[in-house]
Amino acid sequence: MKKDLLSCMDITRADFERILSLSAELKEGRGKPGAPKPFEGKSVGMIFAKSSTRTRVSFEVGIFELGGHPVYLDQSRTQMGRGETVPDTARVLERYLAGIVIRTFAQQDLIDLAANAHIPIINALTDDFHPCQALTDMFTMYEHAGKLEGLKLAYLGDGASNMANSLMLASQLAGVNMVIAAPEEYKPRQDLMEKNLGPGKCAWTKCVREAMADADFVYTDVWVSMGFEEESKRRMAILQPYQLNMDVLKLAKPSVKVLHCLPAHRGEEITDDVMESPNSIVFDQAENRLHVQKAIMSLLIH
Ligand code: CP
Ligand code: NVA
């Protein structure tokens with residue numbers, strides 16, 4: 001594996017398979033005698049510049065369960081919040097920590113952190129990517145479908161979000177065919193659609209019906225991602241036709257499963273009845289963040 005996980009472009013198909021099988025192993029063995037504790041005596045930093053419920057808790061609990069000590073840092077309360085550079089911060093923190101998990105705005109900050117620290121840097125969400133979530137989503141799909149290759153994943157809404165970006169890359173690795181239904185204003189990035197990290201293909205359509213046809217899984221994410229609040233009004237109006245509601249759910253096969261990275265803004269990108277329907281597996285998906293991130297950290301941090 002490469003030193004860092006800054007996006008799914010950092011992992012190969014073989015890495016992807018290892019993450020999936022180790023996630024299953026750690027999930028099965030959680031809390032049992034002999035559960036591995038490779039981080040004994042090690043501390044792992046967690047720098048957060050944006051809000052979080054799942055990511056913070058699942059990483060913090062995961063580090064603890066692996067025998068390590070999580071060090072949570074609110075970025076605004078560190079000296080980075082007062083202008084210390086990312087490279088200087090990297091060169092200091094690597095002296096204390098075995099690895100760093102970071103959630104921030106600019107992907108470039110992660111690139112700079114990784115270039116200036118000898119320890120692994122793990123992306124816990126930036127404006128561009130959320131690889132730990134997308135890898136978890138593939139694991140969750142595998143658990144529910146028993147395979148990944150050839151599945152169809154429909155994605156509705158903001159096709160330019162960090163989630164759409166990461167799901168395109170993870171789908172390619174997994175051999176999943178992803179169809180994004182999004183308006184012209186929030187269409188997916190062409191360069192990522194064409195990365196060809198594996199056999200999975202990505203396509204864009206403006207038509208919800210086309211994306212939903214024969215989909216095995218349907219995914220949506222908030223219409224206003226963190227950091228984009230000023231665009232709220234415009235986004236709500238443009239993305240409204242892409243809401244995942246019961247009428248839309250019925251366009252897929254009856255067995256379709258609903259995914260959402262959460263937090264959900266019920267009544268906006270997804271309706272209550274879809275969230276609560278038997279098709280929804282969003283809370284299994286949230287749980288899996290813990291298992292998959294433990295696998296990712298175990299493979300990267302030594
Ligand atoms: N899905 C996800 O990353 O959730 P949080 O923002 O709560 O961490
Ligand atoms: N696209 C969302 C994902 C939250 C987990 C955001 O960046 O706010």
Side-chain angles (χ1 to χ4, degrees), residues 5-8 23 46-63 70 72-75 100-107 109-110 122-141 153 155-170 178 180-183 185-189 192 217-232 234-236 238-239 242-244 258-266 268-270 275 280-294 296-297:
L5 176 60
L6 305 188
S7 80
C8 290
S23 302
M46 298 174 49
I47 303 174
F48 279 66
K50 289 179 176 173
S51 304
S52 171
T53 298
R54 280 144 291 271
T55 308
R56 177 181 174 173
V57 177
S58 56
F59 267 111
E60 196 159 334
V61 169
I63 293 163
Y72 179 80
L73 295 158
D74 170 350
Q75 188 172 318
I100 295 174
V101 171
I102 175 165
R103 166 170 289 198
T104 192
F105 294 85
Q107 185 72 11
D109 283 351
L110 268 67
I122 296 175
N123 184 348
L125 182 148
T126 59
D127 290 348
D128 292 341
F129 297 110
H130 196 2
C132 295
Q133 178 71 57
L135 293 168
T136 300
D137 302 335
M138 295 300 137
F139 176 73
T140 307
M141 287 164 65
L153 170 64
Y155 176 100
L156 311 183
D158 181 2
S161 75
N162 45 14
M163 274 323 311
N165 289 348
S166 286
L167 286 166
M168 283 195 279
L169 300 177
M178 182 174 176
I180 298 182
E185 293 83 345
Y186 301 109
K187 67 181 177 198
R189 271 173 58 176
L192 297 178
F217 291 86
V218 56
Y219 202 117
T220 190
D221 182 14
V222 291
W223 288 340
V224 184
S225 285
M226 291 179 281
F228 295 83
E229 289 78 6
E230 277 178 13
E231 300 172 11
S232 285
R234 176 181 152 83
R235 285 173 166 270
M236 297 287 181
I238 294 174
L239 290 164
Y242 295 86
Q243 183 188 62
L244 180 52
V258 174
L259 295 162
H260 191 310
C261 55
L262 305 181
H265 286 194
R266 290 172 182 240
E268 294 177 14
E269 78 280 359
I270 191 166
M275 277 287 284
S280 168
I281 55 169
V282 300
F283 297 108
D284 290 344
Q285 182 186 0
E287 179 197 321
N288 282 336
R289 294 291 302 281
L290 172 67
H291 312 302
V292 174
Q293 288 161 191
K294 281 169 74 180
I296 292 167
M297 289 191 289

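In each ligand, atom 1 is the first atom listed, and ligand 1 is the first ligand listed.
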Pairwise, report which nitrogen or oxygen atoms of ligand 2 are under 3.5 angstrom from protein nitrogen or oxygen atoms, and how far apart they are.
{"from": "ligand 2", "atom 1": "1 (N)", "to": "Asn162", "atom 2": "OD1", "distance (Å)": "2.8"}
{"from": "ligand 2", "atom 1": "1 (N)", "to": "Asp221", "atom 2": "OD2", "distance (Å)": "2.7"}
{"from": "ligand 2", "atom 1": "1 (N)", "to": "Ser225", "atom 2": "OG", "distance (Å)": "2.7"}
{"from": "ligand 2", "atom 1": "7 (O)", "to": "Asn162", "atom 2": "ND2", "distance (Å)": "2.8"}
{"from": "ligand 2", "atom 1": "8 (O)", "to": "Met226", "atom 2": "N", "distance (Å)": "2.8"}

Distances for all N or O pairs of ligand 1 and the protein under 3.5 Å?
{"from": "ligand 1", "atom 1": "1 (N)", "to": "Gln133", "atom 2": "OE1", "distance (Å)": "3.0"}
{"from": "ligand 1", "atom 1": "1 (N)", "to": "Cys261", "atom 2": "O", "distance (Å)": "2.9"}
{"from": "ligand 1", "atom 1": "1 (N)", "to": "Leu262", "atom 2": "O", "distance (Å)": "2.8"}
{"from": "ligand 1", "atom 1": "1 (N)", "to": "Arg289", "atom 2": "NH1", "distance (Å)": "3.3"}
{"from": "ligand 1", "atom 1": "3 (O)", "to": "Thr55", "atom 2": "OG1", "distance (Å)": "2.8"}
{"from": "ligand 1", "atom 1": "3 (O)", "to": "Arg103", "atom 2": "NH2", "distance (Å)": "3.0"}
{"from": "ligand 1", "atom 1": "3 (O)", "to": "His130", "atom 2": "NE2", "distance (Å)": "2.8"}
{"from": "ligand 1", "atom 1": "3 (O)", "to": "Arg289", "atom 2": "NH1", "distance (Å)": "3.1"}
{"from": "ligand 1", "atom 1": "4 (O)", "to": "Arg54", "atom 2": "NE", "distance (Å)": "2.8"}
{"from": "ligand 1", "atom 1": "4 (O)", "to": "Leu262", "atom 2": "O", "distance (Å)": "3.4"}
{"from": "ligand 1", "atom 1": "6 (O)", "to": "Arg103", "atom 2": "NH1", "distance (Å)": "2.9"}
{"from": "ligand 1", "atom 1": "7 (O)", "to": "Thr53", "atom 2": "N", "distance (Å)": "2.7"}
{"from": "ligand 1", "atom 1": "7 (O)", "to": "Arg54", "atom 2": "N", "distance (Å)": "2.9"}
{"from": "ligand 1", "atom 1": "7 (O)", "to": "Arg54", "atom 2": "NE", "distance (Å)": "3.2"}
{"from": "ligand 1", "atom 1": "7 (O)", "to": "Arg54", "atom 2": "NH2", "distance (Å)": "2.9"}
{"from": "ligand 1", "atom 1": "8 (O)", "to": "Ser52", "atom 2": "OG", "distance (Å)": "2.6"}
{"from": "ligand 1", "atom 1": "8 (O)", "to": "Thr55", "atom 2": "N", "distance (Å)": "2.8"}
{"from": "ligand 1", "atom 1": "8 (O)", "to": "Thr55", "atom 2": "OG1", "distance (Å)": "2.6"}
{"from": "ligand 1", "atom 1": "8 (O)", "to": "Arg103", "atom 2": "NH1", "distance (Å)": "3.4"}
{"from": "ligand 1", "atom 1": "8 (O)", "to": "Arg103", "atom 2": "NH2", "distance (Å)": "3.2"}

Can you list every side chain to side chain donor-acceptor pair (under 3.5 Å) pair that touches residues 161-170, not counting sequence neighbours?
Tyr155-Ser161
Please name the residue in the list Thr140, Asp137, Thr136 that meets the side chain to side chain donor-acceptor pair (under 3.5 Å) test with Asn288.
Thr140
Run the salt-bridge test on Asp74 and Arg56 with the 4.0 Å N-O cut-off and return the result as yes or no.
no
Heavy-atom closest pair, residues Ala106 and Asp127
N-OD2, 4.5 Å
Can you confirm whether the side chains of Ser58 and Gln293 place a donor and an acceptor under 3.5 Å from each other?
yes
I need the Thr55 OG1 to Arg289 CZ distance, nearest 0.5 Å.
3.5 Å
Under 3.5 Å: donor-acceptor pair, side chain of Arg235, backbone of Trp223:
yes
Who passes ring-ring contact (aromatic ring centres under 6.0 Å, His included) against Tyr186, sequence neighbours left out?
none
His291-Glu287 side chain donor-acceptor pair, cut-off 3.5 Å:
yes
